[in-house]
Visitor: 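My structure is below; once you've seen it, I'll send some questions.
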Amino acid sequence: MNEREMIARRAALELEDGAVVNLGIGIPTAVANYIPEGVEVTMHAENGVLAYGATPEVGRQDPDVFNAGAQPITLLPGAAIFDLSTSFGIIRGGHVDTVILGTLEVDQKGNLANWARELVPGKYGPGMGGAMELVSKARKVVVVTQHNVKNGESKILKECTLPLTGKGVVNVIVTEKAVFNVTPQALVLKEIAPGITVGELRAITDAEFIVAEDLCEYRLG
Amino acid sequence: MGGRVRIPALHPCSETFSNRNFGEFACIGEEKMNKVTTLDQVMERVHDGMTIMIGGFNGICAPIRCIDRLAKSGVKDITLISVTCGYPGGGFDLAPLFVNKQIKKVIASHIGTSPEAVKVYKSGDMEVEYFPMGIWIEKIRAGGYGLGGVVSPIGIGTMLEAGKQKVTVQGKEYLIELPLRADIGFIKGYRADRMGNVQHRMVSPNTNVVMASAADYTVVEVNEIVDVGQIEPDRVGIPGVFIKAVVQGNAMEDHHKIYEDLWVRSGNLKRKEGANHE
């Protein structure tokens, strides 16, 4: 199992039965394929779908049935289709419970920065898409990210340096090495991957965190 | 979808209408209001420096034949209003417009899906203005529906405030987001009749519905053009009053093939389970 699949599987465990869920592009999209048994959620896609299912195989796709990542999806019984304005009415109206999304930076206070980094001096990208609205209104915001960027720098910071998508909006951070909860007091380490110690994790994490009393091994479902 | 043709009770050509002395307008839908147009005729209206709105979402349910013609037209200095800059990974839909450097400015929620757009932006040859996706579509709605702007709670306290008027309503701060309109709009539907009434199919409403209202000249590209009366009134997703031109897009069979090839090519559709694990 590669790191991306690990993260997607673990993030799927954050889904609560009955929740309306929105998944961002990239690793979050894959979460739809790992929803735990016994948990029924309703998937919302920004481009205008409620209640979609897993990726179809070739021959079962429909050219007009897709998610916000432009990938083919299947529609479940009870699915609804609507335009973009309605889709964001659903979001801003507070009807999406859980959001799982990727990020450029996240910090120990739950600040999220995932829409603007300097591509070249004075030019920012890639853009916020629907993220600002999603994180400002969802009850639970789960950030999925690789623990470190390619040069080894931590993605989980003491304080975000990039323009914010949302302030104090993140509840859970899932990486391939650990799971953290953001609480008003501190960032709390809840789970740690096999083969790494808390000390080693601190060494590769910029953010300060405390260790939960019930710290357990990283769960994959 | 049922291709059965029937004459609705209040069809313009029905007895009910002619009895009320609609006279020469009785058959307006059949004779005088034929909006079916060729892409050649449409392109005669497109000029350098125009603001052009393009519907769909990340290249799906997008007017890809219109886009193709726009890319081949050589029209430049376009201000493009599109929710993103195209299919993730590029090489489809809007990509040639960026490769050809036809776009002067993009008004979007996200450009990162398109390597071609990012490249032009980084080179300094293109300006980008970002809006949160849901506010972006409301700005277009304001433009199309005759409103003065959007009173938006999104982006307060962020760099999105720059240059915008703020108002306090019932003790809460909002940004005034101004309406967006275009000279030409290209949108995509499933079927349209000659009066421009558009029927959706599956997830095709996306940006297309609201965009239809917000251009001086809205062109709808459809998989199928049908006779007036074939789309039942309660199946009309975009009223023809918003539409100036109907153009023939890819027939359903080709439409299916184009997206199957695209999705297989980009790894979003797998041939057989287990055959191609990452």
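Labels below follow one simple rule: chain letters A, B, ... track the order of the sequence lines, proteins then strands, and each chain is numbered from 1. Everything numeric here is computed off the predicted structure, so don't read it as measured data.
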Visitor: Heavy-atom pairs under 4.5 Å with chain B: which of T55(A), V65(A), I81(A), L134(A) has the most?
Guide: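 Sorted descending by pairs with chain B, the first entry is I81(A).
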
Visitor: Under 4.5 Å heavy-atom distance to chain B, tell me which part of P121(A) shows up: side chain, backbone, both or neither.
Guide: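 It is neither, since no heavy atom gets under 4.5 Å.
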
Visitor: Considering only heavy atoms and a distance below 4.5 Å, find which of G125(A), S85(A), P163(A) pairs most often with chain B.
Guide: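 Counting heavy-atom pairs under 4.5 Å, the top option is S85(A).
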
Visitor: Side chain to side chain contact (heavy atoms under 4.5 Å, CB included), that's the test. Do D62(A) and M202(B) meet it? Break it down for me.
Guide: CA-CA 9 Å; D62(A) 184 302; M202(B) 295 296 180; 4.2 Å; yes

Visitor: Given the options L119(A), L84(A), I91(A), V49(A), which has more heavy-atom pairs under 4.5 Å with chain B than any of the others?
Guide: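 The residue among L119(A), L84(A), I91(A), V49(A) with the greatest pair count is L84(A).
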
Visitor: What part of E260(B) gets within 4.5 angstrom of chain A, counting heavy atoms only: side chain, backbone, both, or neither?
Guide: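 Both backbone and side chain of E260(B) come within 4.5 Å of chain A.
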
Visitor: Looking only at heavy atoms, what is the nearest atom pair of R92(A) and E138(B), with distance?
Guide: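 Distance-wise, the nearest heavy atoms are NH2-CG, 3.9 Å.
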
Visitor: Which one of A117(B), G59(B), G157(B), G112(B) has the most heavy-atom pairs closer than 4.5 Å to chain A?
Guide: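 Most heavy-atom pairs under 4.5 Å with chain A: G112(B).
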
Visitor: May I ask you to name which of M159(B), E127(B), R141(B) has the most heavy-atom pairs under 4.5 Å with chain A?
Guide: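 Of M159(B), E127(B), R141(B), M159(B) has the most heavy-atom pairs under 4.5 Å with chain A.
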
Visitor: Are more than 12 heavy atoms, taken from residues, nucleotides or ligands other than K140(A), located less than 6.0 Å from that residue's NZ atom?
Guide: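 More than 12 within 6.0 Å, yes.
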
Visitor: Mark yes or no for whether E133(A), through its side chain, and I135(B), through its backbone, hold a donor-acceptor pair below 3.5 Å.
Guide: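 Yes; at least one donor-acceptor contact below 3.5 Å.
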
Visitor: Is it the backbone or the side chain of V128(B) that comes under 4.5 Å from a heavy atom of chain A, or both, or neither?
Guide: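 Neither part.
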
Visitor: Please check if the side chain of D83(A) supplies one atom and the backbone of T207(B) the other of a donor-acceptor pair under 3.5 Å.
Guide: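 It does not hold such a pair.
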
Visitor: Check this for me: E153(A), atom CD, are more than 12 non-hydrogen atoms of other residues, nucleotides or ligands nearer than 6.0 Å?
Guide: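 Incorrect, the count does not exceed 12.
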
Visitor: Should the heavy atoms of other residues, nucleotides or ligands under 6.0 Å from CD of E118(A) be counted, would the total exceed 12?
Guide: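 Yes, the 6.0 Å shell around CD holds more than 12 heavy atoms from other groups.
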
Visitor: Counting heavy atoms not belonging to K177(A), are there more than 12 under 6.0 Å from its NZ?
Guide: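 Counting neighbours around NZ of K177(A), more than 12 heavy atoms of other residues, nucleotides or ligands fall under 6.0 Å, so yes.
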
Visitor: Could you pull out the closest heavy-atom pair between H256(B) and P63(A), with the gap in Å?
Guide: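 Reported closest heavy-atom pair: CD2-CD, 3.5 Å.
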
Visitor: Decide if atom NZ of K164(B) counts as having more than 12 heavy atoms of other residues, nucleotides or ligands within a radius under 6.0 Å.
Guide: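 It does: K164(B) NZ has more than 12 such atoms within range.
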
Visitor: Step through the shown structure and confirm whether more than 12 heavy atoms of other residues, nucleotides or ligands are within 6.0 Å of NZ on K158(A).
Guide: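 Check passes, neighbour count above 12.
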
Visitor: Can you tell which part of I111(B) gets under 4.5 Å to a heavy atom of chain A, answering side chain, backbone, both or neither?
Guide: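 Interface part for I111(B): both.
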
Visitor: List the residues meeting salt bridge (charged side-chain N to carboxylate O under 4.0 Å, His left out) with K257(B), not counting sequence neighbours, and say none if there are none.
Guide: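 For K257(B) the salt bridge (charged side-chain N to carboxylate O under 4.0 Å, His left out) partners, ignoring immediate neighbours, are D261(B).
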
Visitor: Can you tell if the side chain of L160(B) reaches within under 4.5 Å of the side chain of M132(A), non-hydrogen atoms only?
Guide: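 Result yes, sub-4.5 Å side-chain heavy-atom pair found.
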
Visitor: For G127(A) versus H110(B), what's the shortest heavy-atom pair and its separation?
Guide: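 Smallest heavy-atom distance, with atoms named: O-CD2, 3.2 Å.
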
Visitor: Give the intermediate values and the outcome of side chain to side chain contact (heavy atoms under 4.5 Å, CB included) for residues N47(A) and N58(B).
Guide: CA-CA 9 Å; N47(A) 57 318; N58(B) 273 342; over 6 Å; no

Visitor: If you measure from CD on Q71(A) to CG on L269(B), what distance do you get to the nearest 0.5 Å?
Guide: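 With rounding to 0.5 Å, CD (Q71(A)) is 9.5 Å from CG (L269(B)).
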
Visitor: Verify, without hydrogens or angle tests, whether Y121(B) (side chain) and Y124(A) (backbone) share a donor-acceptor contact under 3.5 angstrom.
Guide: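 Yes; at least one donor-acceptor contact below 3.5 Å.
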
Visitor: Quick check for you: to the nearest 0.5 Å, what is the distance between E46(A) atom CD and F57(B) atom CZ?
Guide: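 E46(A) CD to F57(B) CZ: 6.0 Å, rounded to 0.5 Å.
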
Visitor: For the interface with chain B, which of L164(A), D64(A), L75(A), V120(A) has the highest count of heavy-atom pairs at distances below 4.5 Å?
Guide: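 The answer is D64(A).
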
Visitor: Could you check whether atom CD of E129(B) has more than 12 heavy atoms from other residues, nucleotides or ligands sitting under 6.0 Å from it?
Guide: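 Correct, the count exceeds 12.
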
Visitor: A side-chain contact here means heavy atoms from C-beta on lying under 4.5 Å apart; do C61(B) and F66(A) qualify?
Guide: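 SC-SC contact between C61(B) and F66(A) confirmed.
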
Visitor: Just verifying a value: how many Å separate N268(B) CG and I73(A) CD1, rounded to the nearest 0.5 Å?
Guide: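 Going from the CG atom of N268(B) to the CD1 atom of I73(A) covers 12.0 Å.
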
Visitor: Report yes or no: does W263(B) contribute a side-chain atom to a donor-acceptor pair with the main-chain N or O of A70(A) at less than 3.5 Å?
Guide: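 At least one qualifying donor-acceptor pair exists.
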
Visitor: Are Y259(B) and Q61(A) close enough that some pair of their side-chain heavy atoms sits under 4.5 Å apart?
Guide: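 Result no, sub-4.5 Å side-chain heavy-atom pair not found.
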
Visitor: Return the CZ to CG distance between F82(A) and N206(B), rounded to the nearest 0.5 Å.
Guide: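 One gets 11.5 Å once the value is rounded to the nearest 0.5 Å.
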
Visitor: Sort A68(A) into side chain, backbone, both or neither according to what part of it lies under 4.5 angstrom from a heavy atom of chain B.
Guide: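 For A68(A), backbone and side chain are both near chain B.
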
